[in-house]
Amino acid sequence: MASLDISSVLQGGYQHPVSRSWQGRRQLTKSMFMYPLFITDDPDASVLIPSLPGQRRWGVNKLVAFLEPLVKKGLSSVILFGVPLSCTKVGINRISNNLLVSELGYNLQDGRGGPADDVDGPVIQAIKIIIARFPNLYIACDVCLCEYTDHGHCGILNQDGTINTEPSVERIAEVAVNYAKAGAHCIAPSDMMDGRIKAIKRGLIDAGYGNKVTLMSYSAKFASSLYGPFRDAAGSAPSFGDRKCYQLPPTAKGLARRAILRDVAEGADIIMVKPALPYLDIIADAAELASDHPLACYQVSGEFAMIHAGAAAGVYELRNMAFESVESMVRAGATLILTYFTPEFLDWLS
Ligand code: PBG
Ligand code: ZN
């Protein structure tokens with residue numbers, strides 16, 4: 001091979017596991033992983049979610065025992081999703097073991113998502129329990145209305161079923177401030193209403209939380225087919241229509257870029273892209289457009305289920321594919337990954 005040009009020979013640079021590990025701009029670390037948790041209002045629940053392998057809906061009484069070993073392994077952040085024991089859309093038998101709606105004493109779902117910030121509701125209770133037992137664990141709260149509205153849409157609706165933006169944004173900001181008051185370290189609005197970042201940031205500042213709470217915007221959130229298992233888990237599927245008038249069309253690179261720039265201008269502290277793997281180009285765009293911000297991506301429920309299904313079908317090893325998926329996200333520019341694989345990565349990175 002005397003004719004081989006010097007510039008043709010690359011393999012000498014990645015011939016060893018150690019030299020391969022230097023090829024990434026950044027290494028995976030445990031603190032890059034944020035674990036999504038579903039908290040229901042049956043306090044003793046520990047219910048497997050069939051479409052989301054290994055994941056459960058947790059009651060507040062079960063949280064400490066579940067989190068303890070994860071925190072020991074290096075879990076540094078969680079994101080909480082409230083799952084009211086809704087009967088209308090999910091069916092009480094699927095969501096709860098033994099608690100009846102009538103025993104709860106409040107209206108579970110209404111047009112404006114009333115229970116989202118109930119002080120006795122699962123999210124605020126969970127925040128308090130986690131802070132008391134794991135003072136160093138960073139707690140983000142997803143803020144949206146779809147888990148709490150009777151129609152299952154992410155905002156408040158007009159008579160004709162379209163989004164009524166102003167009261168939606170007002171209500172979402174109110175819930176956000178109440179999560180901050182309960183002690184959340186981070187507010188993560190996933191509703192995709194126009195103007196909610198500005199309203200939440202203003203609300204946080206006016207309530208005295210401007211310097212105490214991070215605002216992580218689901219900025220480029222696409223109307224994806226990959227949210228199905230989550231909607232099973234949270235009982236948040238819309239009762240009519242779809243979310244295409246507020247979540248972005250999968251083709252919409254330009255809109256995604258505008259949404260990222262808008263949310264930066266409105267005061268977001270962290271930008272998120274969601275889903276992750278099919279939208280790596282958007283993650284790369286966000287890394288360039290919001291280059292001074294941390295950049296999150298959400299490996300959503302359907303991506304997680306897909307990786308499990310492929311492994312079960314013998315297409316690849318689960319662990320190898322899980323690594324490849326998150327390494328791709330980091331390569332594209334993500335600095336924080338929300339994923340149901342977090343407990344596994346705490347083991348795999350040990
Ligand atoms: C609620 C919300 C959804 C997800 C996060 N927050 C579902 C949706 O918008 O329908 C999806 C997360 C996942 O699929 O893992 N607005
Ligand atoms: Zn929603």
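As the structure lists them, so they are numbered: ligands from 1, and atoms in each ligand from 1. As the structure is a prediction and not an experimental result, all values here were calculated from the model.
- Side-chain rings of Phe345 and Phe323 approach one another, their centers coming within less than 6.0 Å.
- Checking Ser77, Ser350, Ser76 one by one against Lys30, the side chain to side chain contact (heavy atoms under 4.5 Å, CB included) holds for a single residue, Ser350.
- Close approach of ligand 1 to Lys221 is summarised as follows: ligand atoms under 4.0 Å from at least one heavy atom of the residue are 1 (C), 2 (C), 3 (C), 6 (N), 8 (C), 9 (O), 16 (N).
- Among all non-hydrogen protein atoms, the one lying nearest atom 4 (C) of ligand 1 is Lys274 NZ, 2.6 Å.
- Salt-bridge check for Arg196 with Glu266: failed, with every basic side-chain N at 4.0 Å or more from each acidic carboxylate O.
- Taking a cut-off of under 4.0 Å to the non-hydrogen atoms of Tyr340, the atoms of ligand 1 that pass are 13 (C), 15 (O).
- Checked options Trp58, Phe230, Phe66; the residue passing with Phe38 is Phe230 (criterion: ring pair (Phe, Tyr, Trp, His ring centres under 6.0 Å)).
- Without hydrogens or angle criteria, Lys128 side chain to Ile124 main chain gives no donor-acceptor distance under 3.5 Å.
- Looking at Arg26 and Arg331, their side chains never come closer than 4.5 Å, going by heavy atoms from C-beta outward.
- In terms of protein heavy-atom proximity, atom 10 (O) of ligand 1 is closest to Arg231 NE, 2.6 Å.
- For ligand 1, the atoms sitting less than 4.0 Å from at least one non-hydrogen atom of Cys146 are 1 (C), 16 (N), numbered in the order shown with element in parentheses.
- Rounded to 10°, the angle formed at the Zn ion (ligand 2) by Cys154 SG and Cys146 SG is 120°.
- Residue Cys144 approaches ligand 1 through these ligand atoms, each under 4.0 Å from one of its heavy atoms: 16 (N).
- Cys144 lies close to the Zn ion (ligand 2), since one of its N, O or S atoms is found at a distance under 2.8 Å.
- Every atom of ligand 1 with a heavy atom of Ser190 under 4.0 Å away is listed here by number and element: 1 (C), 2 (C), 6 (N), 16 (N).
- With Glu303 contributing its side chain and Ala276 its backbone, the two residues share a donor-acceptor pair below 3.5 Å.
- Among all protein heavy atoms, the one lying closest to atom 12 (C) of ligand 1 is Phe230 CD1, 3.3 Å.
- Among Asp263, Asp191, Asp142, the single residue meeting the side chain to side chain donor-acceptor pair (under 3.5 Å) criterion with Tyr218 is Asp142.
- Under a 4.0 Å criterion applied to the non-hydrogen atoms of Asp142, ligand 1 contributes the atoms 6 (N).
- When only interatomic distances are considered, the shortest N/O to N/O separation between Ser236 and ligand 1 does not fall below 3.5 Å.
- Between the side chain of Lys73 and the backbone N or O of Asp347 there is no donor-acceptor pair closer than 3.5 Å.
- Taking any N or O of Arg243, backbone or side chain, at least one lies under 3.5 Å from an N or O belonging to ligand 1.
- Nearest non-hydrogen protein atom to atom 14 (O) of ligand 1 is Ser301 OG, 2.7 Å.
- Not a single heavy atom of Phe304 sits closer than 4.0 Å to an atom of ligand 1.
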Practice task
With salt bridge (charged side-chain N to carboxylate O under 4.0 Å, His left out) as the test, would you mind laying out the steps for Asp42 and Lys62 before giving the verdict?
Solution key: CA-CA 10 Å; Asp42 170 356; Lys62 296 286 168 73; over 6 Å; no

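- Aromatic pair Phe341/His308: ring centres closer than 6.0 Å.
- Residue Phe81 has at least one heavy-atom neighbour below 4.0 Å for each of these atoms of ligand 1: 5 (C), 6 (N).
- Contact analysis puts Gln247 in contact with ligand 1, with a non-hydrogen atom separation below 4.0 angstrom.
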